[in-house]
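Quick notes on the structure that follows.
Quick caveat: nothing in here was measured; it's all calculated off a predicted structure. Below, chains carry the letters A, B, ... as their sequence lines are ordered, and counting in each starts from 1. These numbers come from the heavy atoms of this one structure, side chains and all, not from hydrogens, waters or symmetry mates.
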There are 2 protein chains.
Amino acid sequence: MAEDGLQVPAASVARLPLYLRCLEELCANGVATVSSSRLAELAGVNAAKLRKDLSHLGSYGTRGVGYEVINLTHEIQRELGLDEQSPVIVVGLGNLGQALAKHGGFGDRGFPIVALFDVQPDIVGMQIGDLVVAHFDDLAGIVAHYKARTAIISTPADAAQQVTDDVIAAGITSVLNFAPTVVQVGEGVALRQVDLALELQILSYYQPRSDSERDTKLRLSV
Amino acid sequence: MAEDGLQVPAASVARLPLYLRCLEELCANGVATVSSSRLAELAGVNAAKLRKDLSHLGSYGTRGVGYEVINLTHEIQRELGLDEQSPVIVVGLGNLGQALAKHGGFGDRGFPIVALFDVQPDIVGMQIGDLVVAHFDDLAGIVAHYKARTAIISTPADAAQQVTDDVIAAGITSVLNFAPTVVQVGEGVALRQVDLALELQILSYYQPRSDSERDTKLRLSV
DNA sequence: TAGATTGTTAATCGATTAACAATC
DNA sequence: TAGATTGTTAATCGATTAACAATC
């Protein structure tokens, strides 16, 4: 139960947004009630794991029936702290940063992008979507004005640590780093790192290879 | 030892590209030898974990000395199957797809993007970087021509499953899905899914909150 | 009631980490 | 040799899953 102050295990926390996405799709399709086995199928996970994950939030299902879609949606949103909108800033407006800034998926899910920052003279002042890129020197005032707590870092690797330090100094407490380098943050700051090329390198290991001396790791479907 | 055909644990596989990135940075800085504790520090992981991960590849360190940077780089590349370039296709050239297509980081790390596909009349024919967007109807021939085995899916959610099925039918065996929906693949196909907004929702849980009835989960640094 | 499905238990599995013998 | 660091052991920790009593 959330009221107990018990932590939800990290592996469960990482799956809750996935369930949320599936629930929202069910809701959009007019489905009112869903069983753990059906929701697990949609999310691509084991049904027992899903029930275990949900049990950390409390008992919101009905035995013999399932979960009420709208109710469970709200409980997961509450647990994740998605009750209110969280303004987000983006630092580094190269190709990826521009795409992230124009990407509607953040605002749709409670994370409106409110400000963009760069230092390049040819990028500062550029209009991207509804926003104009500000100079990184103006960070502190703008972050304070919007009460932004979350930053997306999409700078080159060699700038990422300094930018991270600076946004934290300006009041940011959640950092999503897309720069291909490890950044360090102190306690009290939440951090996730996404490296797009790294994902392809992980996939490479599982790619069936016949040319190598190693046995094929996955068989093609029968 | 890789020659034994023993599988490297999934958690270790997911970290090997991270070590690789750190090693390449060390190499660029002219560092010839590195200890597990230094490399672990750069990668942001525990040193014992790093040594355990590397032990699955074989014994490539020297006690009392450390690891030779170039040698270890090659061993990790070999283990991941990064010996040769892997041509990649991108399907769905919206904001994100365009950014991924222009993103130099893939080609730099052995994954040159060789073809782009969409179905929208205003996108097919568009030049993005060095490439022109092809129609998805021409998928099979182009995949065969480039011998592409890896696909990046950046379509809307409602198209992702059909696109995934089609690229697999065309010969793709590794799929990196950015569409915000779960896609299912059969055996013999490797799959990873990245949902950008989902990362922000996970961060939200760990964001210190004083307004909630729940205790703050992380303290601000002392 | 009978059928269905949750919430939880307990067993298993896999990942992490400190410690240290091996050894350069 | 003495100091340093790997590779591995073993203990611990956390995650997964099948099974089923509880119960709608």
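Taking every heavy atom of residues 31-45 of chain B and every atom of DNA chain D, pairs under 4.0 Å involve B/S35, B/S36, by number.
Between the side chain of B/T73 and the main chain of B/V69, a donor-acceptor pair closer than 3.5 Å is present. The closest donor-acceptor contact from the side chain of A/S12 to the backbone of A/V8 lies at 3.5 Å or more, if one exists at all.
Under the salt bridge (Lys or Arg N to Asp or Glu O under 4.0 Å) criterion, B/E25 pairs with no residue at all, not counting sequence neighbours. Listed by chain and number, the residues in a ring pair (Phe, Tyr, Trp, His ring centres under 6.0 Å) with B/F106 are B/H103 (sequence neighbours excluded). With sequence neighbours left out, A/R21 forms a salt bridge (Lys or Arg N to Asp or Glu O under 4.0 Å) with B/D195. A/E24 pairs by the salt bridge (Lys or Arg N to Asp or Glu O under 4.0 Å) definition with nothing, not counting sequence neighbours. Annotation: salt bridge (Lys or Arg N to Asp or Glu O under 4.0 Å) contacts of B/D53 (sequence neighbours excluded): B/R15.
You'll find that the side chain of A/A11 is closest to D/dA15, out of D/dA15, C/dT16, D/dG7. Taking only side-chain atoms of B/S55, from C-beta outward, the nucleotide of C/dT6, D/dT6, D/dT8 with the closest atom is D/dT8.
For the pair B/L57 CG and D/dT6 P, the interatomic distance rounds to 14 Å; values are reported in whole Å. Between the CD atom of B/Q7 and the C1' atom of C/dA15 there is a distance of 16 Å, rounded to whole Å. One can place OH of A/Y60 at 15 Å from C1' of C/dT6, the figure rounded to the nearest angstrom. The NE2 atom of A/H56 sits 13 Å away from the P atom of C/dG7 (whole-angstrom rounding).
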Discussion item. Treating primed atoms plus P, OP1 and OP2 as sugar-phosphate and everything else as base, which nucleotides of nucleotides 17-24 of chain D get B, S or - for protein heavy atoms under 4.0 Å?
Written reply: BBB-BBBB
Side chains of residues 149-158 of chain A: which donor-acceptor partners sit under 3.5 Å, not counting sequence neighbours?
unit_1	atom_1	unit_2	atom_2	d
A/S154	OG	A/V91	O	3.3
A/S154	OG	A/G92	O	2.7

Side-chain polar contacts of residues 175-182 of chain A - donor-acceptor pairs under 3.5 angstrom, sequence neighbours left out - could you list them?
unit_1	atom_1	unit_2	atom_2	d
A/N177	OD1	A/A179	N	2.9
A/N177	ND2	A/A179	O	3.3
A/N177	ND2	A/T181	O	3.0
A/N177	ND2	A/Q193	OE1	2.8

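Within the structure, the salt bridge (Lys or Arg N to Asp or Glu O under 4.0 Å) test picks out the following pairs touching residues 33-52 of chain A (sequence neighbours left out): A/R38-A/E41. Residue pairs that meet the salt bridge (Lys or Arg N to Asp or Glu O under 4.0 Å) test with at least one member in residues 62-75 of chain A, sequence neighbours left out, are A/E75-A/R78.
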Worksheet entry | Nucleotide-level pairing of DNA chain C, given in dot-bracket where Watson-Crick and G-U pairs need both distances under 3.5 Å and | marks other strands | ..||||||||||||||||||||||
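Looking at heavy-atom distances under 4.0 Å, A/A47 makes no contact with the nucleic acid at all.
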